*Asks:* 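Take this structure, written in structure tokens, and hold onto it; I'll ask about it next.
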Amino acid sequence: MHIIDRRLNPGGKSFANRQRFLRRARAQVRRAVRESSSQRSIKDAGKGGEVSIPAGGVHEPTLRRSSQGGTRDYVLPGNKKYVEGDTIARPDGGAGGKPQASDSGEGEDEFRFALSDEEYLDLYLEDLELPDLAKRQIAGATSVQWRQAGYSTSGPPSRISVPRTLRHSMSRRIALKRPKAEEIVALREEIERLEREGGHFDELVALRAELEQRLARTKRIPYIDPVDVRYRRLESNPKPIAKAVMFCLMDVSGSMNEHMKDLAKRFYSLLYLFLNRRYEHVDVVFIRHTHEASEVDEQTFFYSRETGGTVVSTALFKMQEIVRDRYPVDQWNIYAAQASDGDNTSSDNQVVLAQLNDVILPICQYYAYVEVGMDDEDEHQPGMGEPSTNLWRAYRRVPADAPFAMRKVRHRRDIYPVFRELFSRRPEGVSAEGA
């Protein structure tokens, strides 16, 4: 007997199945997210999308009979070769097995799975080893403010405006000349008086007819009609759009390997998520430099190879030029993040320090310097016991009250702790300088 269940899934069942799959294949999905994030744009770091995982990672365990031992009876339709009692040879290669590739192009593709924005961001931040509280803070949504905006004729009972409703009711009753309660009371008292005195038959008939007419009019014109009811109307009050520009500066000379660039990209992505949550509009400007600096697109910024020496001041002069031409200081919030291995021409350090203190820092909301380096798992102590580089020693002379901070990063697990230190609130007078 075959049973086909054609009933629709109850509400929430598909979501539960989706989450169950994510838990079962979380390690492979997380690995796929990590690989896809290295190829994604910084602006797409928090957006969902499709990821591919091996087909073997989504197969559920099944129960089947063992191929050894036991007695089995088979019914083989269309048999013209065997008779009862014949022994059938076992097939070569055993039963079952994984799908094999074919030289004709046939085979089993990888499993493609679509992740929502929230799921992708959760897995992306999990790869950076963020605490749950910090993850909620970065992935959270902005709230909408509501304000009073007049009145409407519809709405929930909790927002009924009693004064406004009674005002409209009174206006309608006056316009339709609805009899007043005191007029009806006075008419009844007059009828009672005439009845006590007697002999006023004609007047009583007229007064009773008038009373009946007024009572009927009172019933036809209600005290409060649905058209009188008014509700307090609320409308969203969006905050003024705050614009920010994020400058990404990076040394792309030969000393910067792929590991260092990957650390820099992860830091830039986290900074963009941080700024995008606080500003409605965020521009990203990529400036790379060797002995010369240039503004490039993101693909060129991270993946193009360059040769030459290292002169950091060229990047700072290029940033000043772009701010002057496109980002007026009175209209834009300016943030800058610089990644480097710390190498710089010794004669350029004084120029860098002067340009940073006199020009860049006065126009920046914040300037973060991250010094990336090779990872050594055996001697991994971020910021401790490491020799100072030329650029690090120069940046140590930046005034403590400037909107400037610097840290060292050697491994992916250091990125969020360093990021949190760079952008945490510090008491005034406390330097943001690292070890």
Side-chain angles (χ1 to χ4, degrees), residues 5-19 116-118 132-133 136-244 276-282 330-331 333 425:
D5 188 359
R6 299 186 183 278
R7 294 174 298 178
L8 297 177
N9 287 338
K13 183 176 181 181
S14 296
F15 178 78
N17 292 337
R18 180 188 186 89
Q19 296 302 314
S116 65
D117 293 354
E118 183 178 356
D132 289 339
L133 178 60
R136 289 195 298 269
Q137 289 174 350
I138 293 181
T142 57
S143 60
V144 178
Q145 292 184 346
W146 297 85
R147 65 179 179 86
Q148 181 73 29
Y151 300 88
S152 64
T153 57
S154 61
S158 60
R159 290 213 294 265
I160 289 180
S161 174
V162 175
R164 181 70 59 165
T165 299
L166 292 178
R167 183 184 303 175
H168 281 271
S169 172
M170 181 181 295
S171 301
R172 179 184 53 81
R173 285 184 277 114
I174 293 175
L176 297 178
K177 298 181 179 180
R178 183 181 189 271
K180 298 180 179 179
E182 53 269 20
E183 293 177 356
I184 295 178
V185 172
L187 192 58
R188 284 175 174 171
E189 291 177 352
E190 181 65 17
I191 292 175
E192 292 176 359
R193 186 185 64 80
L194 294 176
E195 287 177 346
R196 288 194 303 269
E197 293 178 356
H200 302 282
F201 181 77
D202 295 337
E203 293 184 16
L204 285 173
V205 172
L207 290 176
R208 286 171 181 158
E210 184 180 356
L211 177 61
E212 184 178 353
Q213 181 182 5
R214 293 198 176 191
L215 290 175
R217 189 172 181 81
T218 301
K219 293 180 180 179
R220 289 196 303 269
I221 305 175
Y223 189 84
I224 295 180
D225 194 84
V227 299
D228 303 329
V229 181
R230 293 296 182 270
Y231 300 85
R232 291 184 297 273
R233 187 171 68 89
L234 301 178
E235 68 177 12
S236 60
N237 183 27
K239 297 180 180 179
I241 296 178
K243 299 184 294 184
N276 196 50
R277 179 174 178 260
R278 285 159 174 78
Y279 294 96
E280 294 291 338
H281 181 77
V282 179
D330 58 341
Q331 299 178 18
N333 296 284
R425 294 174 179 263

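Please read all numbers here as calculations on a predicted model, not as lab measurements.
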*Asks:* So which atom in Leu204 and which in Leu194 form the shortest heavy-atom distance, rounded to 0.1 Å?
*Replies:*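 That closest heavy-atom pairing would be CD2-CB, 3.5 Å.
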*Asks:* Where the side chain of Arg159 meets the backbone of Arg232, is there a donor-acceptor pair that is under 3.5 Å apart?
*Replies:* yes
*Asks:* If you apply the rule side chain to side chain contact (heavy atoms under 4.5 Å, CB included), what do you find for Thr153 with Arg230, and how did you get there?
*Replies:* CA-CA 5 Å; Thr153 57; Arg230 293 296 182 270; 3.8 Å; yes
*Asks:* For Glu235, is the CD atom crowded, meaning more than 12 foreign heavy atoms sit under 6.0 Å from it?
*Replies:*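 More than 12 within 6.0 Å, yes.
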*Asks:* Check this for me: Gln213, atom CD, are more than 12 non-hydrogen atoms of other residues, nucleotides or ligands nearer than 6.0 Å?
*Replies:* no
*Asks:* Should Arg188 and Glu192 be marked as a salt bridge (charged side-chain N to carboxylate O under 4.0 Å, His left out) after you check the CA-CA gap, both sets of side-chain angles, and the distance that decides it?
*Replies:* CA-CA 6 Å; Arg188 284 175 174 171; Glu192 292 176 359; over 6 Å; no
*Asks:* Which heavy atom of Arg220 sits nearest a heavy atom of Pro222, and at what distance?
*Replies:*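 So the minimum-distance heavy-atom pair works out to O-CD, 3.3 Å.
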*Asks:* Do Glu195 and Arg208 sit within salt-bridge range, that is, some charged N less than 4.0 Å from a carboxylate O?
*Replies:*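 Looking at Arg208 together with Glu195, the answer is yes, because their closest N to O distance falls below 4.0 Å.
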*Asks:* The test is side chain to side chain contact (heavy atoms under 4.5 Å, CB included); show your working for Leu234 and Arg147 and say whether it passes.
*Replies:* CA-CA 5 Å; Leu234 301 178; Arg147 65 179 179 86; over 6 Å; no
*Asks:* Asp228 and Arg172: salt bridge (charged side-chain N to carboxylate O under 4.0 Å, His left out), yes or no, with the steps?
*Replies:* CA-CA 8 Å; Asp228 303 329; Arg172 179 184 53 81; 2.9 Å; yes
*Asks:* Any side-chain to backbone donor/acceptor pair from Arg233 onto Gly150? Under 3.5 Å, distance only.
*Replies:* no
*Asks:* Short question: side chain of Arg178, backbone of Ala175 - any donor-acceptor pair under 3.5 Å?
*Replies:* no
*Asks:* Using modelled atom types only, decide if a donor and an acceptor are shared between the side chain of Arg173 and the backbone of Tyr223 within a distance under 3.5 Å.
*Replies:* yes
*Asks:* In terms of side-chain geometry, is the basic nitrogen of Arg214 or Glu210 positioned less than 4.0 Å from the acidic oxygen of its partner?
*Replies:* yes
